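Please read the structure below before turning to the comments.
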Amino acid sequence: MGNINLNFKNRKPVCEYCQANIKDESFIVHCPECNTPYHIECWTENGGCAVYGCNYKIASKAENVTIESIEDVKTNVQYLINEGRYVDAITECKRLLKTDKRNTDLKKLYNSAVHLINTRTKFLENGDNAFNNRDYKAAEIYYNNAYKYLDDESKEFYSSRLSIIKEKIPLERKRKVRNSILVSFICILILASLGYLYYYFYYLEEERAFSDIERNDNVTDVQMTEMQISKYENFIRKYQQSDLKEKAFEKINYFAGILATNFSDEDWRNAYRYLNKIDEAKSPKTFKDIYNKIYSKAREEFNTKISNVKRLDAQRKFSEAKSQLESAIEIRDMFPNSDLRFNSSSLNYSLSLLNKKISSLSRYASLNEEISQKYEELKKYGETTPVQTPIQISAKVTDYIDPSTVSAKLMDSGRLIAIRTSDVNLRIGENVVLTCSRSGNIEIIDKNNESLSIPLYIQNYTDNTNFADIYSSSENESIRMRIEYLREQRAKIDSLLGLGLKL
């Protein structure tokens, strides 16, 4: 006969045999086959189950019925839990809960067994994962935590695994230490490489750049030498705080001296450009020798240009003269401490005078054109030769040009003119007042043996001429007055154009 399960109930079940409520709930007998409740007396009296179709019978009415107290069942389930036999405990609880679904104590034991088996499973899973990943220290912790939830059979298995772990942990520690050392060595090697690269590309950048330039110092042609100077100058601009800066200056000083010497005979301007790159304090003799050669060539060119200015001015080629003078002034400015500076005031005056002459040329041309037009207008009145209006000249005789002609300076403007007169008694330094008419220009030779063009005036001898007869026509009078005005303006320009340069 199977075990008879007893259970305490909060409800009052009905006995299937006598159909009466079971008031005394101390003991209840359930049919092992159909789980139907009975009074103990009714179960014994009937000799088994009274449910139709259920054939479960006890062997004899005298057979002892095994009665299992609910407390015994709870104790048995708790024992299974304590032994770690959670599956058996869960199975037992499920069996009893089929007949007594509301038994709270059995449910608590069931939940406890389920919780414990889940906890054990979680620890074992984490331990197995750590073991497979060779994290033996973590696996040991998980297995130790799971050990108290294991039954005897499982404890033997995991004890052996813990023994393996204890052997593996020192090896794993050694492996980790070895790996750590290896990683540290690699990191140190990488850092050292980075440090070397940083040192090489940053701290040694100046030395490398200088060495690259210095490698090409063995040059022979001018172009390569100029390139070396340019490279060293760029180096100084880029590395202004470099310790190699002075050495770069020495290189420039050396190469500039070579080029300045080579250029000094044929191209003194280029030589002068490289002379300025030489440190006079460090190479005084070299600087002085090259400077003297350059200055000698420059002075020759300066004197040539000044001669050209005088010649072109006398030829009234004022624009060409100005260009030559500006070039001479440029040479003067290149040597501020030389004796060329003593000519500064005369050069500046001459340049200003040439500018005035150049600007007066267009006015001079327009005056000539208008005078020609006025002459054409006079022809309408039957006059073919324009009458010169006499003017009074007050001047100081300066020199003899020929027996009948003297040079003189006008008292009012100081302009140099020529006067042609039959008076042979005029003396140099004498002040004269004469009535003259303009008659073009005359070429003379000045004190510097230079050709000079000055206005020529011819003395009038008929002082009692009746000019009213000349201007008999009121129509042509205004034309004649305009012509004389234009001639006076042209004479002033002639005087300006005839002024000599102070060179």
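Everything quoted here is computed from the prediction, not taken from an experiment.
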Subject >> T398 (side chain) donor-acceptor with S407 (main chain) under 3.5 angstrom >> reply: yes
Subject >> Residue D243 excluded, over 12 heavy atoms near CG under 6.0 Å >> reply: no
Subject >> Reported OG-to-CD1 distance for the pair S319 and I358, which is rounded to 0.5 angstrom >> reply: 4.0 Å
Subject >> E280-Y291 side chain donor-acceptor pair, cut-off 3.5 Å >> reply: no
Original post:
If you count the non-hydrogen atoms of other residues, nucleotides and ligands that lie under 6.0 Å from NZ in K317, is the total more than 12?
Top reply: no
**OP:** Answer yes or no: is there an ion pair linking K357 with D313, defined by an N-O contact shorter than 4.0 Å?
**Re:** yes
**OP:** Under the side chain to side chain contact (heavy atoms under 4.5 Å, CB included) rule, what do K277 and E233 come out as? Steps first, then yes or no, please.
**Re:** CA-CA 10 Å; K277 298 179 184 293; E233 288 175 338; 2.5 Å; yes
Original post:
In terms of side-chain geometry, is the basic nitrogen of E370 or R490 positioned less than 4.0 Å from the acidic oxygen of its partner?
Top reply: no
Subject >> Non-hydrogen side-chain atoms of V406 and D399 separated by less than 4.5 Å >> reply: no
Original post:
Shortest non-hydrogen contact from F302 to R332?
Top reply: CE1-CB, 4.4 Å
Original post:
Between E377 and K374, is there a side-chain N and carboxylate O pair less than 4.0 Å apart?
Top reply: yes
Original post:
Any side-chain heavy atom of S437 sitting closer than 4.5 Å to one from I458?
Top reply: no
Subject >> From Y142 atom OH to E125 atom CD, the distance as rounded to the nearest 0.5 Å >> reply: 11.5 Å
**OP:** Apply side chain to side chain contact (heavy atoms under 4.5 Å, CB included) to the pair N262 and Y274, showing each step before the final yes or no.
**Re:** CA-CA 10 Å; N262 292 338; Y274 288 105; over 6 Å; no
Subject >> Partners meeting salt bridge (charged side-chain N to carboxylate O under 4.0 Å, His left out) with K137 (sequence neighbours left out) >> reply: E140
**OP:** Taking the side chain as every heavy atom from C-beta outward, state whether I493 and Q489 have any pair of such atoms under 4.5 Å apart.
**Re:** no
Original post:
Just by distance, do the side chain of Y272 and the backbone of M334 share a donor-acceptor pair under 3.5 Å?
Top reply: yes
Original post:
Does K356 offer a backbone N or O that forms a donor-acceptor pair with the side chain of S360 under 3.5 Å?
Top reply: yes
**OP:** Flag the pair Y143 / L124 as yes when at least one side-chain heavy-atom distance between them is below 4.5 Å, and no otherwise.
**Re:** yes
Subject >> Which residues share a side-chain contact (heavy atoms from CB on, under 4.5 Å) with D267, sequence neighbours left out >> reply: F263, R269, N270
Subject >> Heavy-atom closest contact (A256 atom, I229 atom, distance) >> reply: N-CD1, 3.7 Å
Original post:
Of R273, E301, E300, which meets side chain to side chain contact (heavy atoms under 4.5 Å, CB included) against W268?
Top reply: E301
Subject >> Backbone N/O of D279 and side chain of N253: donor-acceptor pair under 3.5 Å >> reply: yes
**OP:** Show your working on side chain to side chain contact (heavy atoms under 4.5 Å, CB included) between L416 and L452 and close with a plain yes or no.
**Re:** CA-CA 10 Å; L416 186 66; L452 185 65; 4.2 Å; yes
**OP:** Give a yes or no on this: more than 12 heavy atoms of other residues, nucleotides or ligands lie within 6.0 Å of atom CZ of R237.
**Re:** yes
Original post:
Are any of the side-chain nitrogens in D265 or K297 under 4.0 Å away from the carboxylate oxygens of its partner?
Top reply: no
Can you give each donor-acceptor pair under 3.5 Å made by side-chain atoms of residues 320-327, sequence neighbours left out, with the distance rounded to 0.1 Å?
residue: K322; atom: NZ; partner: N355; partner atom: OD1; Å: 2.9
residue: Q324; atom: OE1; partner: N308; partner atom: ND2; Å: 3.2
residue: S327; atom: OG; partner: K305; partner atom: NZ; Å: 3.3

Subject >> K282 atom NZ: more than 12 heavy-atom contacts under 6.0 Å >> reply: yes
**OP:** For F131, check ring pair (Phe, Tyr, Trp, His ring centres under 6.0 Å) against everything at least two apart and list the hits.
**Re:** Y136
Original post:
How about N441 and I454: do any of their side-chain heavy atoms sit closer than 4.5 Å?
Top reply: no
Original post:
In Å, rounded to the nearest 0.5 Å, how long is the span from CE of M411 to NZ of K396?
Top reply: 7.0 Å
Subject >> R438 with E488: basic N within carboxylate O range, under 4.0 Å >> reply: no
Original post:
Among all residues two or more places apart in sequence or in another chain, which pass the ring pair (Phe, Tyr, Trp, His ring centres under 6.0 Å) test with Y239?
Top reply: F235
**OP:** Before giving the answer on side chain to side chain contact (heavy atoms under 4.5 Å, CB included), spell out for F210 and Y232 the whole-Å C-alpha distance, their side-chain angles and the decisive distance to 0.1 Å.
**Re:** CA-CA 8 Å; F210 191 87; Y232 282 117; 3.7 Å; yes
**OP:** Provide the closest heavy-atom pair for R120 versus Y149 in the form atom of the first, atom of the second, distance.
**Re:** CD-O, 3.2 Å
Original post:
Taking atom OG1 of T405 and atom CZ of R420, what is their separation to the nearest 0.5 Å?
Top reply: 4.0 Å
Subject >> Closest non-hydrogen atom pair between I331 and A298, with its separation >> reply: CG2-O, 3.8 Å
**OP:** Give a yes or no on whether Y254 atom OH has more than 12 heavy-atom contacts from other residues, nucleotides or ligands under 6.0 Å away.
**Re:** no
**OP:** Verify, without hydrogens or angle tests, whether S350 (side chain) and L347 (backbone) share a donor-acceptor contact under 3.5 angstrom.
**Re:** no
Subject >> Verdict with reasoning, D289 to K293, per salt bridge (Lys or Arg N to Asp or Glu O under 4.0 Å) >> reply: CA-CA 7 Å; D289 292 344; K293 292 180 68 176; over 6 Å; no
**OP:** For F255 and T225, work out which heavy atoms get closest and say how close.
**Re:** CD2-CG2, 3.7 Å
Original post:
Can you find a heavy atom in the side chain of I329 that is under 4.5 Å from one in the side chain of L351?
Top reply: yes
Subject >> Minimum heavy-atom distance between A139 and A130, given as atom pair plus value >> reply: N-CB, 3.6 Å
Subject >> All side-chain contact (heavy atoms from CB on, under 4.5 Å) counterparts of I181, not counting sequence neighbours >> reply: V177
Subject >> T261 side chain vs G257 backbone, donor-acceptor pair below 3.5 Å >> reply: yes
Original post:
What's the spacing between Y349 OH and L354 CG if we round to 0.5 Å?
Top reply: 10.0 Å
Original post:
Do I141 and N126 have side chains that get closer than 4.5 Å, going by heavy atoms?
Top reply: no
**OP:** Indicate yes or no: at least one non-hydrogen side-chain atom of Y295 is less than 4.5 angstrom from one of S338.
**Re:** yes
Original post:
What distance separates L367 CG from K492 NZ, expressed to the nearest 0.5 Å?
Top reply: 11.0 Å
